[in-house]
Amino acid sequence: IPCAPQVPYQPSSPRQVANALALLRGRAGKTVDLGSGDGRLVLEAYKQGLRPALGYELNPWLLCLANYRAWKAGYHGKVSFLKRDLWKVNLSDCHNVIVFLAPSVKPPLATKLLAELPDDAWVVAGRFPFPSWTPSSSLGQGLDQVWAYDMKEVRR
């Protein structure tokens, strides 16, 4: 397991959140945000019917903020924010994975996702695409751009 690089927290813009979830529209199944920050992507995923929706985050302050936002939105107990190291969680039951992480994390993460995700899973990356993968679709421009990857296609 690679040593986890420190990823600076940068909240997703409303446009990034909207674009990421637009790419997952019509999908179902367990949805996970790796490095979920203040929880905005998880809350929006739940709102769109992607359930269960959960986030993994190591920063205790951001976990508190995410839980507070869930409570404020009336989703307390409906969404989960867990203090887990994304390199140590098993993603084999995840159907939708959202990743807004730094480029340095993408190559080792690509290896982990290829090893663990089911064929019908989709990965949505924000800010930076996976360098070695071809996206099935993309939405937005510049900093708001997001990329969707169908694991069946990626493995082909």
Side-chain angles (χ1 to χ4, degrees), residues 1-25 27 29-48 50 52-67 69-70 79-118 120-151 153-155:
I1 291 176
C3 100
Q6 286 302 306
V7 180
Y9 170 62
Q10 200 184 2
S12 312
S13 71
R15 173 59 46 211
Q16 285 172 331
V17 173
N19 287 348
L21 284 142
L23 291 179
L24 290 174
R25 197 159 287 135
R27 302 224 0 114
K30 183 174 178 181
T31 301
V32 172
D33 183 10
L34 301 177
S36 52
D38 66 8
R40 60 186 71 195
L41 282 153
V42 173
L43 294 174
E44 199 52 46
Y46 182 85
K47 223 181 271 182
Q48 276 196 23
L50 292 165
L54 63 142
Y56 293 123
E57 176 58 59
L58 283 176
N59 181 319
W61 299 106
L62 291 172
L63 277 168
C64 279
L65 183 55
N67 280 308
R69 291 179 69 140
V79 296
S80 307
F81 297 101
L82 305 171
K83 186 173 190 214
R84 299 265 169 80
D85 180 337
L86 69 86
W87 303 109
K88 295 185 179 129
V89 293
N90 182 338
L91 301 171
S92 61
D93 63 344
C94 297
H95 296 279
N96 305 295
V97 176
I98 303 170
V99 186
F100 274 61
L101 294 170
S104 61
V105 183
K106 293 287 178 27
L109 187 57
T111 306
K112 177 178 171 63
L113 295 172
L114 278 168
E116 295 179 17
L117 289 178
D120 66 351
W122 274 38
V123 175
V124 171
R127 292 198 191 101
F128 306 101
F130 280 88
S132 56
W133 293 0
T134 305
S136 308
S137 56
S138 172
L139 195 60
Q141 297 295 313
L143 286 176
D144 291 328
Q145 189 168 7
V146 292
W147 297 265
Y149 303 90
D150 178 336
M151 291 313 288
E153 300 292 318
V154 171
R155 290 189 172 113

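Residue indices begin at 1 and follow the sequence shown. Only heavy atoms go into these numbers, but all of them, side chains included; no hydrogens, no water, no symmetry mates.
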> When rounded to the nearest 0.5 angstrom, what is the spacing between CG in Leu41 and CG in Leu21?
6.0 Å
> Does any part of the side chain of Thr31, heavy atoms only, come nearer than 4.5 Å to the side chain of Ile98, both counted from C-beta?
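They are in contact (side-chain heavy atoms under 4.5 Å apart), so the answer is yes.
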> Of all heavy-atom pairs between Ser136 and Glu153, which one has the smallest distance, and what is that distance?
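So the minimum-distance heavy-atom pair works out to OG-CG, 4.2 Å.
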> Whether Glu44 and Arg40 form a salt bridge (side-chain N of Lys/Arg under 4.0 Å from carboxylate O of Asp/Glu) is what I want to check.
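A salt bridge is absent here (no side-chain N lies under 4.0 Å from a carboxylate O).
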> List in chain and number order the residues that pass side chain to side chain donor-acceptor pair (under 3.5 Å) with Asn67, two or more places apart in sequence or in another chain; answer none if no residue qualifies.
none
> Taking only residues two or more places apart in sequence, or in another chain, which ones meet Arg69 in a salt bridge (Lys or Arg N to Asp or Glu O under 4.0 Å)?
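With sequence neighbours excluded, Arg69 shows a salt bridge (Lys or Arg N to Asp or Glu O under 4.0 Å) to Asp38, given in chain and number order.
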> Is any side-chain heavy atom of Leu63 closer than 4.5 Å to one of Leu82?
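Leu82 vs Leu63: side chains apart.
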> Is the backbone N or O of Ser92 less than 3.5 Å from a side-chain atom of Glu116, with the two atoms forming a donor-acceptor pair by type?
no
> Once rounded to the nearest 0.5 Å, what's the spacing between atom CG of Leu58 and atom OG of Ser36?
9.5 Å
> Would you please name every residue forming a side chain to side chain donor-acceptor pair (under 3.5 Å) with Ser132, sequence neighbours left out?
none
> Take Leu91 and Leu113, measure what side-chain contact (heavy atoms from CB on, under 4.5 Å) needs, and give me the verdict at the end.
CA-CA 7 Å; Leu91 301 171; Leu113 295 172; 3.6 Å; yes
> For Thr111, enumerate each residue passing the side-chain contact (heavy atoms from CB on, under 4.5 Å) test, keeping only those at least two apart in sequence or located in another chain.
none
> If the condition is side-chain contact (heavy atoms from CB on, under 4.5 Å), which residues does Ser138 pass it with, not counting sequence neighbours?
Gln145, Trp147
> With sequence neighbours excluded, tell me which residues meet salt bridge (Lys or Arg N to Asp or Glu O under 4.0 Å) with Arg25.
none
> What residues form a salt bridge (Lys or Arg N to Asp or Glu O under 4.0 Å) with Asp93, not counting sequence neighbours?
Lys30
> Does Tyr149 have any ring-ring contact (aromatic ring centres under 6.0 Å, His included) partners at least two apart in sequence or in another chain, and if so, which?
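Expected list: Phe130, Trp133.
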> Please determine whether the number of non-hydrogen atoms from other residues, nucleotides or ligands lying under 6.0 Å from atom CG of Leu143 exceeds 12.
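No, the 6.0 Å shell around CG holds no more than 12 heavy atoms from other groups.
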> Could you go through the side-chain contact (heavy atoms from CB on, under 4.5 Å) check for Lys88 and Arg84 one step at a time?
CA-CA 7 Å; Lys88 295 185 179 129; Arg84 299 265 169 80; over 6 Å; no
> Could you pull out all residues at least two apart from Gln48 that satisfy side chain to side chain donor-acceptor pair (under 3.5 Å)?
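Not a single residue meets the side chain to side chain donor-acceptor pair (under 3.5 Å) criterion with Gln48.
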> For residues Val146 and Phe100, determine if any side-chain heavy atom of one lies less than 4.5 Å from a side-chain heavy atom of the other.
yes
> How many angstroms lie between atom CG of Asn59 and atom SG of Cys64, to the nearest 0.5 angstrom?
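The CG atom of Asn59 sits 9.0 Å away from the SG atom of Cys64.
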> Testing Leu109, Val154, Val123 for side chain to side chain contact (heavy atoms under 4.5 Å, CB included) with Leu114, which one passes?
Val154
> Could I get the full list of side chain to side chain donor-acceptor pair (under 3.5 Å) partners for Ser137, not counting sequence neighbours?
none
> Check salt bridge (Lys or Arg N to Asp or Glu O under 4.0 Å) between Lys106 and all other residues, then give those that pass, not counting sequence neighbours.
none
> Which residues pass the side-chain contact (heavy atoms from CB on, under 4.5 Å) test with Pro14, not counting sequence neighbours?
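Scan of Pro14 (side-chain contact (heavy atoms from CB on, under 4.5 Å), adjacent residues dropped) gives none.
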> Check whether Arg27 reaches the backbone of His95 with its side chain - one donor and one acceptor, N or O, closer than 3.5 Å.
yes
> Can you tell if the side chain of Trp87 reaches within under 4.5 Å of the side chain of Lys112, non-hydrogen atoms only?
yes
